[in-house]
Amino acid sequence: MSVATFEDVRSQAEARLAKNMKVKSMIIERLGLDVEPVLVSDNQPLFGRGLEMDSLDTLEIVVMVNNEYSVLISDDDFEAFGSINSLVDFVEAREV
C-alpha cells in the first residue's frame with residue numbers, strides 16, 4: 001500500500017475544485033442563471049433555497065452530465081441532485 005504524498009493530495013484537491021467549478025459553470029450557463037459560479041457553494045442545495053432548480057432543470061442537468069461525462073442519471077439517482085458536491089461525487093463514481 002503506497003502512502004499519498006502532500007503533492008498527490010494537493011493535486012487531487014485541486015482537480016476536484018476545478019471539476020466542481022466546471023460543473024457549477026455548466027449548470028449556471030445551461031439554466032441561464034444570473035449568478036457567478038464563485039458565489040455558489042459546493043454544498044449549496046440545487047433545489048429549494050439553493051439554485052432553485054425545478055423538474056425541467058433536472059432534465060437539463062441529466063442531459064448535460066450525459067453529454068459531458070458519459071454518465072447516465074436514472075430516476076432512482078435522486079441523491080445526485082443534493083448539491084454540487086453530490087453531483088460531482090456521483091459523476092466521479094461512474095466515470096469511465
Side-chain angles (χ1 to χ4, degrees):
M1 181 168 101
S2 66
V3 176
T5 67
F6 174 76
E7 292 304 318
D8 293 338
V9 172
R10 183 180 187 159
S11 177
Q12 291 171 354
E14 288 173 351
R16 175 57 185 245
L17 287 173
K19 185 175 273 186
N20 281 15
M21 184 58 73
K22 180 177 181 178
V23 168
K24 282 190 272 191
S25 297
M26 290 187 321
I27 289 173
I28 289 167
E29 180 181 330
R30 184 108 183 190
L31 301 181
L33 302 176
D34 187 26
V35 64
E36 291 295 319
V38 296
L39 299 177
V40 177
S41 164
D42 292 341
N43 292 316
Q44 185 170 348
L46 299 179
F47 293 95
R49 302 195 79 175
L51 291 179
E52 300 180 5
M53 289 175 39
D54 61 23
S55 57
L56 291 177
D57 297 332
T58 303
L59 182 56
E60 287 287 327
I61 301 310
V62 167
V63 171
M64 178 196 80
V65 167
N66 188 11
N67 290 342
E68 185 68 27
Y69 298 104
S70 298
V71 171
L72 297 174
I73 302 175
S74 75
D75 292 342
D76 297 328
D77 297 323
F78 59 88
E79 74 279 356
F81 293 100
S83 66
I84 297 296
N85 271 328
S86 298
L87 185 56
V88 173
D89 286 344
F90 183 87
V91 167
E92 286 186 340
R94 289 156 179 82
E95 272 183 307
V96 226

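Numbers for residues simply follow the sequence, beginning at 1. Quick caveat, the model's predicted, so the values are computed rather than measured.
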Checklist entry - Taking it one step at a time, do L72 and D77 satisfy side-chain contact (heavy atoms from CB on, under 4.5 Å)? => result CA-CA 9 Å; L72 297 174; D77 297 323; over 6 Å; no

Checklist entry - Taking 4.0 angstrom as the limit, do R16 and D89 come out as a salt bridge? => result yes

Item to check | Verdict with reasoning, L46 to I84, per side-chain contact (heavy atoms from CB on, under 4.5 Å) | outcome: CA-CA 7 Å; L46 299 179; I84 297 296; 3.9 Å; yes

Next on the checklist: To the nearest 0.5 Å, what is the distance between CG on L33 and CG on L31?
Outcome noted: 5.0 Å

Checklist entry - Would V35 end up clustered with M64 when hydrophobic side chains under 4.5 Å apart are linked, directly or stepwise? => result yes

Next on the checklist: For the backbone of M21 and the side chain of S25, can you confirm whether one donor and one acceptor N or O come within less than 3.5 Å of each other?
Outcome noted: yes

Checklist entry - Passes side-chain hydrogen bond (donor to acceptor under 3.5 Å, both in side chains), S86 versus S83? Steps please. => result CA-CA 5 Å; S86 298; S83 66; 3.2 Å; yes

Checklist entry - More than 12 heavy atoms of other residues, nucleotides or ligands under 6.0 Å from CD of E79: is that the case? => result yes

Next on the checklist: When you group the ILVMFWY residues by side-chain heavy-atom contacts below 4.5 Å and let the links chain together, are I28 and V38 in the same group?
Outcome noted: yes

Checklist entry - Yes or no on side-chain contact (heavy atoms from CB on, under 4.5 Å) for V65 and V23, after CA distance, side-chain angles and deciding distance? => result CA-CA 9 Å; V65 167; V23 168; over 6 Å; no

Item to check | Derivation and outcome, side-chain hydrogen bond (donor to acceptor under 3.5 Å, both in side chains), residues N85 and N43 | outcome: CA-CA 6 Å; N85 271 328; N43 292 316; 2.7 Å; yes

Item to check | Test log, rule side-chain contact (heavy atoms from CB on, under 4.5 Å), inputs T58 and M53 | outcome: CA-CA 7 Å; T58 303; M53 289 175 39; 4.2 Å; yes

Item to check | Geometric cation-pi criterion, R94 with F90: 6.0 Å, 45° | outcome: yes

Checklist entry - Between K19 and E95, does at least one N-O distance fall below 4.0 Å, as a salt bridge requires? => result yes

Item to check | D75 CG: over 12 foreign heavy atoms closer than 6.0 Å | outcome: no

Checklist entry - Taking the side chain from D8 and the backbone from T5, do they hold a donor-acceptor pair closer than 3.5 Å? => result yes

Checklist entry - Between R30 and D57, is the closest basic N to carboxylate O distance under 4.0 Å? => result no

Next on the checklist: Here's a test for you: under side-chain contact (heavy atoms from CB on, under 4.5 Å), which of L87, V40, V88, L39 qualifies with K24?
Outcome noted: V40

Checklist entry - Under the side chain to side chain donor-acceptor pair (under 3.5 Å) test, which residues partner E52, sequence neighbours left out? => result none

Checklist entry - More than 12 foreign heavy atoms under 6.0 Å from CD of E92: is that the case here? => result yes

